[in-house]
Each structure stands twice: as C-alpha cells, then as structure tokens.
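See structure below.
The basis for the numbers below is simple: all heavy atoms, side chains too, and nothing from hydrogens, waters or symmetry mates. Whatever order the structure lists them in is the order used to number ligands and atoms, beginning at 1. The residues of the chain are indexed from 1 along the displayed sequence.
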Amino acid sequence: MSQNDIKIRNINTDFESVLDGLTEAERQNYFMDKLRSIISEKSEVLGRPYTFFVQTFGCQMNASDSEKVIGILEKVGMKEAPDESADLVIFNTCTVRENANTRLYGHLGSLKKRKKSGEIDCIAICGCMMQQEDIVEHIRKSYKFVDLMFGTFNFHKLAELLYRKYTGEEKQIVEILAAPEKTVERLPKKRKYPFKAGVNIMYGCNNFCTYCIVPYVRGRERSRTPEEILEEIEDLTKDGVIEIMLLGQNVNSYGINFMGESEKIKKNPEYGFPELLEDVCKIDGIKRVRFMTSHPKDLSDRLIEVMRDNPKICHQMHLPVQAGSTELLKRMNRHYTKEHYLGLVDKIKAAIPDISLSTDIMIGFPGETEEDIQDTMDVIRYAEYDQVFTFIYSRRTGTPAASMEQLPEELVNERFQRVLDLVHEVTAKSSARFLGQDAEVLVEELNDHQEGMVTGRMGNNILVHFPGDTSLIGSIQKVKLVEAKGFYYIGELI
Ligand code: 5AD
Ligand code: SF4
C-alpha cells in the first residue's frame with residue numbers, strides 16, 4: 001500500500017464499510033455516484049457546468065480507452081469542452097515513438113500558467129507513457145502542477161481517482177498498476193458516432209517486435225470471452241450501432257489467455273478469431289464488421305475464407321508489413337519472410353478481389369541496408385496498398401533494438417522520403433480503381449469543407465463525399481463513384 005492509499009483511508013472512512021464485498025464494477029459505480037454530487041456542487045459554485053477535455057494521442061486502442069474516460073466523465077455530470085480551456089484536462093498518452101512523448105511535454109508546458117492561475121482545475125495524464133517509470137518520475141519532478149497520473153490498466157478507476165483528488169489533500173496522485181488478471185468492462189463508454197463502435201476483444205501483445213514498446217506498456221495478451229464480447233455487441237445494436245470494429249493489438253491470435261469461463265471455448269477449444277467473426281456476423285442488427293490489427297504471422301486461411309463467405313465482413317485489411325527484407329524482418333522478430341507476406345497478399349486478393357489493403361512501414365531500423373529498402377519498395381509495389389502509414393524508426397529505451405547500432409539521421413530521412421514518394425504514387429493509382437463503380441456508403445457526418453455534402457465510408461473504408469444532408473447520417477446509401485480524388489471519391493446518390 002502506498003502513502004497515498006493510507007491518507008485517503010484516513011480522510012474518507014465513511015465509505016469503507018459500504019465498499020466491503022463489492023465487485024470492482026460496483027465499487028466504481030459507487031464512486032461515480034459520489035463524484036456526481038461533487039461535480040454538481042462544483043458546477044453550482046461556478047454557475048456553469050464543470051467541463052472536461054480529453055486529448056488522445058496514438059492508436060485505436062487509446063481512442064477506445066478515451067471513450068471509456070469520456071463515458072465516465074459524462075456520467076458524473078461533466079460537460080465536454082471543445083479544447084483545452086476546460087476545468088479538467090486529461091491527456092491519454094502514446095509512447096510508441098519518441099515524438100509522441102515530446103508532444104505531451106509541449107502541451108503540458110503550454111498549460112502550466114493556466115493551471116497555476118486556477119483557470120484549469122485539474123490536469124490528469126493517463127495511458128501508455130504512464131507505464132514507464134522514468135517518464136512518471138520526470139513528470140513528478142518537472143511538472144509538479146499535474147494532479148493525477150494513471151496507467152493503461154486502471155482507466156476504469158477514474159471516478160475513484162478523481163474523487164480522491166477532489167476530496168483529499170494529495171497534491172499529486174500517481175496510481176500505476178501491473179496488468180490485471182481480468183479487465184473491468186461494462187462501465188460507461190461514449191461513442192463518437194452513435195451508429196458505429198469499437199469493441200476490444202483482447203488486450204496486450206505477446207510479440208515483442210524488437211523495436212516496439214507496446215508489450216511493455218500494455219502487458220501480455222489477454223482475450224475477453226466470446227460470450228462477453230457478443231453480449232456487448234448485442235447491447236450496442238439495441239443502442240443503434242450497425243458497424244463494429246473489433247480491436248486488438250493482434251486480433252489474429254485472439255484466444256490466448258481467456259479472462260473468464262466460456263461455454264463456447266469448452267465446446268470448441270479451437271475457438272479463435274475466425275469463429276468470433278462468424279458469431280458477430282450472426283447478430284441481427286450488425287451490418288458491417290471490421291477489425292484491426294492483423295499480424296501477418298497469424299493470418300490463417302480459415303480467416304480469409306470466413307471473410308470471403310460473410311458479406312457483413314468489410315473488404316478491408318490492415319496488415320502491417322514493417323519491412324520487405326526477410327533478414328530485417330528476422331531482426332525485428334516478426335516471424336515471417338518477404339515471400340510469406342507476398343503469398344498472403346496473393347491469397348487475400350484471390351479470395352476477395354476488391355479488398356482494400358493497408359499497412360505500416362518502418363524506415364531506419366538499426367542495420368537497415370539499401371537492399372532492405374529495395375525489398376520494402378518491392379512489397380509496396382506488389383501489394384498495391386490503398387493506404388500506407390510510414391514511420392521513421394524511433395529508439396525506445398528498454399527494447400532490444402535500442403542497444404543495436406543506430407543509423408545516421410540524414411540517411412534515414414533520405415530513405416524515408418524516397419519510400420514516401422513511392423507510397424504516394426502507388427496509393428494514388430490504387431485507390432482510383434473503383435471509379436465509375438457503385439458503392440454502399442455508411443454516411444458518417446456532414447462534410448466540413450463543402451456545404452451540402454456528406455461524408456461516409458465504403459465497406460473497404462475508403463471515404464466518399466456526396467451531396468446530402470443530416471437526414472442521411474447513420475444510414476447506408478448506394479452511391480455512384482464519379483470522381484477519384486486520391487484518398488477519397490466524389491459520389492452521387494443512386
Ligand atoms: N518506431 C517507429 N515506429 C514504430 N512502430 C512501433 N514501434 C515503433 C518504433 N519504435 C510503428 C509500427 C507499428 C505502428 C503502430 O507503429 O509500424 O505497426
Ligand atoms: Fe508492437 Fe509488434 Fe506487438 Fe504490434 S505486434 S504491438 S509492433 S510488439
């Protein structure tokens with residue numbers, strides 16, 4: 001137990017007995033109730049609603065965690081502000097590359113004055129950066145005005161932590177936990193769009209790619225039971241959701257380390273990601289199913305068949321290759337070869353000809369040679385991706401690659417630019433291939449830039465803008481693709 005815990009127990013003895021024997025979810029509901037009265041008092045004093053702003057860095061996982069944060073904050077009566085001029089500012093951090101860290105420090109620096117003057121009531125930092133001791137120490141020392149820090153394993157405890165902050169005398173609360181046996185689910189979650197939702201099917205990563213910090217900050221792989229996932233999706237359909245994105249660091253290895261009992265697993269110990277996808281497709285209200293991210297080493301023929309045979313599964317796959325060279329892939333600990341990857345591309349395209357492929361590419365991994373870059377460029381040309389996310393390798397302390405000899409920056413920048421030029425060429429050509437075709441588009445929102453236009457996504461995730469109004473939002477419309485604009489199309493309602 002930390003000093004902080006002792007302190008709070010002394011201050012808040014009134015609820016100790018009430019909490020005895022409660023499940024973690026019940027305990028958090030208790031704190032949400034308590035917090036609601038505090039927020040209502042604060043709002044009364046302010047003469048306006050107490051506001052919050054959540055700044056999210058990083059990947060889909062973080063976006064999903066932020067939905068949980070926002071869900072809890074709205075549940076306790078706070079109102080979302082459009083920017084950092086809020087009473088409570090929360091940074092949900094990413095640490096996959098160094099520039100994500102730098103951005104956080106930039107934001108913190110810019111808020112210091114407003115925090116000191118009392119304009120901002122509370123600053124909290126959570127997420128991946130917080131799972132690294134040295135970073136937490138640095139913030140503790142250099143950013144003393146930060147009120148609360150918590151990690152990737154205790155988002156569900158936000159109400160309790162804020163309660164502690166608002167009622168106690170602790171200047172800075174830090175609560176970083178190790179990976180739990182079981183995650184706490186079914187707490188409030190705020191979706192950006194009412195008609196689509198991300199659902200975590202697993203947490204963590206076991207792959208330990210030699211450049212990557214994720215396994216260290218998100219823990220080992222843990223899968224939710226199919227029953228729990230399916231029940232959550234059923235509930236989402238009752239709430240108007242028609243599109244589901246199944247989320248995991250490596251969805252293809254879903255099934256490792258289940259967190260709970262499952263009849264389905266007992267009946268079929270082989271139950272894995274393809275089976276889960278089939279079960280999700282059986283849910284009536286669901287019209288579209290997507291997933292990310294797939295690891296090439298675990299992508300099975302069975303998954304490709306299930307995608308081919310289930311019309312609800314979107315023809316989209318994000319399949320990070322990282323590099324084209326077998327030698328480099330080996331040193332990255334990726335467990336596949338260039339040939340294997342290209343074979344997967346062939347198989348997927350043969351089964352689902354209109355699939356839209358996307359990938360992640362890393363340039364500048366230690367020891368990368370000019371031949372390695374040529375291999376990467378081969379793969380980009382061969383796979384004809386619709387979207388490529390290119391990253392410059394970033395040295396992460398504690399990963400095996402951090403102690404390998406690093407490449408000079410100018411060389412890496414030059415290679416990066418060359419690869420980027422090729423990416424632009426390939427994606428521009430590739431994403432124009434649907435021109436003139438009809439497409440089904442799920443309309444997401446009004447187009448920000450052009451009045452009288454709406455924006456939506458085809459099944460393959462490519463954006464389409466077409467004339468329409470708010471009445472179309474949330475519906476699937478048939479649209480003719482009349483103009484290719486690079487990464488989006490202009491369409492016309494049919
Ligand atoms: N440096 C640069 N990019 C990285 N990624 C992961 N770790 C690093 C790193 N150390 C990229 C990978 C991964 C994506 C989410 O981030 O390409 O697929
Ligand atoms: Fe990182 Fe590799 Fe795991 Fe992806 S699969 S999160 S790149 S360790």
So for I392, does at least one of its heavy atoms come nearer than 4.0 angstrom to any atom of ligand 1?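 It does, in that a heavy atom of I392 comes within the 4.0 Å cut-off of ligand 1.
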Parallel under 30°, tilted from 30 to 60°, perpendicular over 60°: which one fits the rings of [X] and [Y]?
X    : Y    : result
Y488 : H465 : tilted
Y393 : F365 : perpendicular
Y336 : H340 : tilted

Specify the closest pair of heavy atoms between N460 and R290, including all atoms of both residues, with the distance to one decimal.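 Looking at all heavy atoms of both residues, the shortest contact is C-NH1, 4.2 Å.
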Identity and distance of the protein heavy atom lying nearest [atom]:
atom                    : value
atom 10 (N) of ligand 1 : S394 O, 2.8 Å
atom 1 (Fe) of ligand 2 : C212 SG, 2.3 Å
atom 6 (C) of ligand 1  : V96 CG2, 3.4 Å

Part of Y211 within contact of ligand 2 (heavy atoms, under 4.0 Å):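 Just the side chain.
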Answer with side chain, backbone, both or neither: which part of P320 has a heavy atom less than 4.0 angstrom from an atom of ligand 2?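 For P320, there is no contact with ligand 2 at all, from either part.
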Numbering as shown, the atoms of ligand 2 that approach [X] to under 4.0 Å (heavy-atom distance):
X    : result
N207 : 5 (S)
P215 : 8 (S)
H295 : 5 (S)
F208 : 8 (S)
Q249 : 6 (S)

Counting only heavy atoms on the protein side, is anything nearer than 4.0 Å to atom 5 (S) of ligand 2?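 At least one protein heavy atom is under 4.0 Å away.
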Check for me whether R334 has a heavy atom closer than 4.0 Å to any atom of ligand 2.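 Distance cut 4.0 Å: R334 passes for ligand 2.
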Under 4.0 Å, heavy atoms only, figure out whether ligand 1 is touched by the backbone of Y211, its side chain, both or neither.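 Y211 to ligand 1: contacts from backbone and side chain alike.
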Charged N to carboxylate O below 4.0 Å: is that the case for E263 and K266?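 Salt bridge flag = yes for K266 with E263.
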Whether K192 and E444 form a salt bridge (side-chain N of Lys/Arg under 4.0 Å from carboxylate O of Asp/Glu) is what I want to check.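 No.
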Using atom types as modelled and distance alone, determine if a side-chain donor or acceptor of [X] lies under 3.5 Å from a backbone N or O of [Y].
X    : Y    : answer
E227 : K264 : yes
T56  : N92  : no
N252 : H295 : yes
N257 : S223 : no

Give a yes/no verdict on a cation-pi contact between R97 and F391, requiring under 6.0 Å between NZ or CZ and the six-membered ring centre and an angle within 45° of the axis.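 The answer is yes; both the distance and angle limits are met.
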With a cut-off of 2.8 Å, does C205 place any N/O/S atom under that distance from atom 3 (Fe) of ligand 2?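 Of the N, O and S atoms in C205, at least one lies under 2.8 Å from atom 3 (Fe) of ligand 2, which means yes.
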With respect to atom 1 (Fe) of ligand 2, please indicate if C209 possesses an N, O or S atom at a distance under 2.8 Å.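 Under 2.8 Å: C209 has no N, O or S contact with atom 1 (Fe) of ligand 2.
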Is it the case that ligand 1 has an N or O less than 3.5 angstrom from some N or O of R97?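 Yes, since at least one N or O of R97 sits under 3.5 Å from an N or O of ligand 1.
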Would you check the N or O atoms of Y393, main chain and side chain alike, for any that come under 3.5 Å of an N or O of ligand 1?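 No, no N or O pair falls under 3.5 Å.
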Which of the listed options, Q322, H295, M61, holds the heavy atom that is closest to atom 17 (O) of ligand 1?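 The option holding the nearest heavy atom is Q322.
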Is it true that F153 and Y203 have ring centroids separated by less than 6.0 Å?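 No, the ring of F153 stays outside the 6.0 Å limit from the ring of Y203, centre to centre.
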Ring centres under 6.0 Å, that's the criterion: do Y254 and F258 meet it?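 Yes - the distance between ring centres of Y254 and F258 falls below the 6.0 Å cut-off.
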For R396, counting its heavy atoms only, list the atoms of ligand 1 lying under 4.0 Å from any of them.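 The atoms of ligand 1 under 4.0 Å from a heavy atom of R396 are 10 (N).
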Against heavy atoms of D360, which atoms of ligand 1 measure under 4.0 Å?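 Counting atoms of ligand 1 from 1, those under 4.0 Å from D360 are 13 (C), 14 (C), 15 (C), 17 (O), 18 (O).
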